[in-house]
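Working notes, structure below.
Keep in mind that what you see is a predicted model, and the values were worked out from it rather than measured. When reading the values below, keep in mind they use all heavy atoms of this one structure, side chains included, and skip hydrogens, waters and symmetry mates.
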Amino acid sequence: MKRIQKERDRLLRRLARICGMTGAVGGLLCVLVPGTATGIQFAAAALLCVAAGALVFLHTEHGGAPTALGVVGASAALIAVLATSPVLDPVALTAVSVTASVTAPSVAITLVVRRRGPSLVFALAAVIVATLLVFFGVGGHPIPVVLISTIAGWAAAASLALALNAAISRAAARIEEVGRAHQAERLASELEARQRQDARVLHDTVLATLSLLAHSGVGVGVGALRQQAGDDARLLKQLRLGASLDTASDAIFSPDSDEDILGTTFESVRQRFARMGLDVNWHGAGQLALPRETLDALLGALGECLENVRRHSGVNEADVTVTDDERTVRAMVTDAGNGFEPETVSSGRLGYAESVVGRLSTVGGRARVFSSPGSGTTVMLEVPKP
């Protein structure tokens, strides 16, 4: 909001400067057009220069009421000087009109939107009008057209500034509404993403352990099962205490692992499934220079693929091949097990849809499955390099 107000003030100052300088230059040209270098003309020209200088200072960030008085005072003095001259030709009368209706009212554009600005603008306009009434009345010069143009000039300048201010205020209100809506949408998206991540972590840990227990831990040693159950207990404690299940801890391996090597390399996957009775034959890179978020997503998806091999393939061995090029890291999980028809898998199954595809999509990656009954399964996981 402060930035919008600052831009508003800058716009009004620029508009006022253009308006005021146009009037000052026009009046100066009118004074000098006759070509008769009289003292009155020199005085009028000097007063117009004073008004122009005051306009320059007024229409800066530090200009205010004192410099506005300078502009209006110089304009009033010019009107008085020209009005008291013995002969007021049409050119000089035009200079008076331009000064009273354009140069002096330009101060209203920046002042009227300020606190107590309308009162100040009314007072300054009254000074110019009173000057016209007094000096033109004394000199016996025609006044109606000049007076009407002066009042119209002040009213137009103030109205223009107020209209721009109202339009900018409405735009600022709309921007604020859009900002609040965007903030609410961002918070909702972050909450949904966190809930989905928590669901993935719980699926990969607690639900996997419960599945082992439901099958009496077949194929898994007692020590490995006890360790996995202990890790899950700590994970549930974190959840109960309100701790965030972020990817940095990636509880698929251990909720306590943060920066240790077993929590940040592919070796952690192999060791975990070795304890659970699945031999993983590793080919290619064991460590890759990836951002932590991308590496965690790849490790999580890879762990879920190997968990599916352990539970559904009917074999106790899988191959993982890791390759990379300038743009992409690929991990291919292959088994020679039962295989299946990928089209028959329900899209609502959390394991593959969230723990594999969902994880990779959050970092710009993707997963592809190649399988058929009796011919084993191959899953290609891809994540982009930074």
| query | Is there a side chain to side chain contact (heavy atoms under 4.5 Å, CB included) between K385 and L290 once you walk through the steps? | reply | CA-CA 7 Å; K385 281 188 173 181; L290 288 173; 4.3 Å; yes
| said: side chain to side chain contact (heavy atoms under 4.5 Å, CB included) for T131 and V129? Distances and angles first, verdict last. | reply: CA-CA 5 Å; T131 303; V129 172; over 6 Å; no
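Here the closest heavy-atom approach between residue S97 and residue S149 is recorded as CB-OG, 4.5 Å. Minimum interatomic distance between G337 and V315 (heavy atoms only, all atoms of both residues): CA-CG1, 3.7 Å. Residues A125 and W154 come closest through the heavy atom pair CB-CD2, 3.5 Å. The shortest heavy-atom contact between A367 and L360 is CB-CD1, 3.8 Å. Nearest heavy-atom pair across G339 and T377 is CA-OG1, 3.7 Å. Residues L124 and V107 approach most closely at CD1-CG2, 4.0 Å, considering heavy atoms.
Atom CD of E185 has 12 or fewer neighbouring heavy atoms from other residues, nucleotides or ligands inside a 6.0 Å radius. Taking a 6.0 Å sphere around CZ of R327, one finds it holds 12 or fewer heavy atoms contributed by other residues, nucleotides or ligands. R115 CZ: 12 or fewer foreign heavy atoms inside a 6.0 Å radius.
Residues V309 and F370 do not share a hydrophobic cluster, defined by chaining ILVMFWY side chains whose heavy atoms lie under 4.5 Å apart. Residues V329 and W282 share a single hydrophobic cluster, defined by chaining ILVMFWY side chains whose heavy atoms lie under 4.5 Å apart. V102 and I151 fall into different hydrophobic clusters, where Ile, Leu, Val, Met, Phe, Trp and Tyr are joined by side-chain heavy atoms under 4.5 Å apart, directly or via other members. Cluster annotation: M332 and L381 are assigned to distinct hydrophobic clusters (Ile/Leu/Val/Met/Phe/Trp/Tyr, side-chain heavy-atom contacts under 4.5 Å, transitive). M380 and V333 are members of different hydrophobic clusters when ILVMFWY side chains are connected at heavy-atom separations under 4.5 Å.
A salt bridge does not link E304 with R359: none of the charged nitrogens is closer than 4.0 Å to a carboxylate oxygen. Note on D325 versus R330: salt bridge recorded, some NZ/NE/NH1/NH2 to OD/OE distance being below 4.0 Å.
Side-chain contact check for V383 versus T328: every heavy-atom pair is 4.5 Å or farther apart. Looking at T334 and T321, their side chains never come closer than 4.5 Å, going by heavy atoms from C-beta outward. Between V356 and C305 there is a side-chain heavy-atom pair separated by less than 4.5 Å. In this structure, V98 and T94 have side chains that are in contact, with non-hydrogen atoms separated by less than 4.5 Å. With a 4.5 Å cut-off on side-chain heavy atoms, V369 and F340 count as touching. Two residues are said to be in side-chain contact when any heavy atoms from C-beta on lie closer than 4.5 Å; R366 and S361 fail this criterion. At least one side-chain heavy atom of I168 sits under 4.5 Å from a side-chain heavy atom of L11.
From L15, atom CG reaches atom CG of L160 across 5.0 Å, with rounding to the nearest 0.5 Å. Note that CD1 of I4 is 13.5 Å distant from NZ of K6, once rounded to the nearest 0.5 Å. The CG atom of D319 sits 4.5 Å away from the CG atom of N281 when rounded to the nearest 0.5 Å. The CG atom of L302 sits 8.0 Å away from atom CZ of F273, with the distance rounded to the nearest 0.5 Å. Going from atom CD1 of I128 over to atom CG of L133 covers 11.5 Å, rounded to the nearest 0.5 Å. Here the CZ-OG1 distance, from R368 to T378, works out to 11.5 Å after rounding to the nearest 0.5 Å.
For the residue pair Q5/R8, the side-chain donor-acceptor check at 3.5 Å is not satisfied. At a cut-off of 3.5 Å, with distance as the only test, no side-chain donor of H312 or N338 sits close to an acceptor on the other residue.
Here the side chain of S313 pairs no donor or acceptor atom with the backbone of R310 at under 3.5 angstrom.
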